[in-house]
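Worksheet: one structure, shown below.
Values below: every heavy atom of this structure, side chains too, minus hydrogens, waters and symmetry copies. In the text below, chain A, chain B and the rest are named by the order of the sequence lines, each starting its count at 1.
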Amino acid sequence: MPRRYWLLKTEPDVFSFDDLLAAPQQTSGWDGVRNFQARNFLRDDMKVGDGVLIYHSRIPPMAIVGVAEIAKEGHVDPTQFDPRDHHFDPKSKRESPQWFQVDVRAVQKLARPVTLEELRGLPALKEMALLQRGQRLSVQPVRKSEFDFILKLAKSRAQ
DNA sequence: GCCAACGTTGGC
DNA sequence: GCCAACGTTGGC
């Protein structure tokens, strides 16, 4: 099975790439995802060693800011059972959990953020999920060509 | 803060 | 199973 590539969105005021770098072993559970399509990627498709782009949404500058990798494959997201947690799901039963997470380990911060604005209009990325109209999935597959292109972009125009 | 896009819920 | 109402995402 060849290595696959993904993009994970996060709101940096909630959890940023710097927070991931500061975590023990630079690793964190990617919990709180409450969308079935995204859940299926987390539970079924992500494998240890897969490459991950971390994207900051909502707070400007919206940008891809770092690279990570899958450190642990899909396992139960405990926040679904915690009534005090923002992501609590009263419909989730312990014997049949609905929501899953992976563990993600930081690999490197990009030399500079690659902004959404910059990504738009690049022919090499015109099919990238992040850039499609109306998309809002927080867990997205990324092509190897797109992953490599973005890493090169971050280096080539680094200040 | 606005609102388009889209996912989910629930009445029927 | 349909679909209107509602809630959320996330760029602007």
Side-chain angles (χ1 to χ4, degrees), chain A residues 4-23 28-46 50-70 74-104 106-107 109-143 145-147 149-154 157-159:
Chain A
R4 296 178 69 178
Y5 300 89
W6 307 94
L7 180 141
L8 293 174
K9 292 183 191 174
T10 183
E11 299 183 26
D13 55 336
V14 177
F15 189 84
S16 69
F17 190 75
D18 286 339
D19 292 331
L20 183 61
L21 286 171
S28 174
W30 205 264
D31 61 21
V33 174
R34 296 293 180 268
N35 169 283
F36 289 108
Q37 196 180 347
R39 186 280 309 271
N40 293 346
F41 286 136
L42 295 171
R43 185 189 60 189
D44 304 332
D45 297 323
M46 290 177 156
D50 281 1
V52 177
L53 299 171
I54 303 293
Y55 173 78
H56 282 173
S57 66
R58 291 278 292 174
I59 309 290
M62 281 83 77
I64 296 171
V65 294
V67 179
E69 63 183 7
I70 302 300
H75 53 286
V76 172
D77 174 352
T79 63
Q80 68 196 299
F81 304 123
D82 181 355
R84 292 158 304 176
D85 194 282
H86 182 244
H87 298 288
F88 176 61
D89 181 354
K91 295 194 301 300
S92 234
K93 301 279 171 275
R94 284 187 185 274
E95 58 275 19
S96 56
Q98 288 222 74
W99 305 115
F100 290 77
Q101 63 180 3
V102 293
D103 288 357
V104 170
V107 173
K109 193 168 180 168
L110 294 184
R112 65 186 181 88
V114 177
T115 65
L116 183 63
E117 185 181 23
E118 180 180 356
L119 295 172
R120 288 199 192 282
L122 292 173
L125 301 179
K126 72 176 196 301
E127 292 181 43
M128 191 175 179
L130 180 70
L131 306 176
Q132 304 310 305
R133 176 185 175 82
Q135 70 69 36
R136 21 176 252 194
L137 203 57
S138 65
V139 179
Q140 306 178 351
V142 172
R143 293 173 184 81
S145 61
E146 295 165 344
F147 186 89
F149 185 89
I150 286 162
L151 263 52
K152 210 186 313 176
L153 199 59
R157 298 187 201 167
Q159 3 278 7

Does D89(A) have any salt bridge (Lys or Arg N to Asp or Glu O under 4.0 Å) partners at least two apart in sequence or in another chain, and if so, which? K91(A)

Can you list everything that forms a ring pair (Phe, Tyr, Trp, His ring centres under 6.0 Å) with F100(A)? Sequence neighbours excluded, please. none

Using ring pair (Phe, Tyr, Trp, His ring centres under 6.0 Å) as the criterion, list what pairs up with F36(A), not counting sequence neighbours. W99(A)

With sequence neighbours left out, write down each residue that passes side chain to side chain contact (heavy atoms under 4.5 Å, CB included) with S145(A), or none if nothing qualifies. R143(A)

Tell me every residue that passes side-chain hydrogen bond (donor to acceptor under 3.5 Å, both in side chains) with R120(A), counting only those two or more places apart in sequence or in another chain. none

On DNA chain B, does the nearest nucleotide to K91(A) precede the nearest nucleotide to R58(A) from the 5' side, or the other way round? Give the residue. R58(A)

Where does the chain A footprint on DNA chain C start and end, counting 5' to 3' with a 4.0 Å heavy-atom cut-off? dG7(C) to dC12(C)

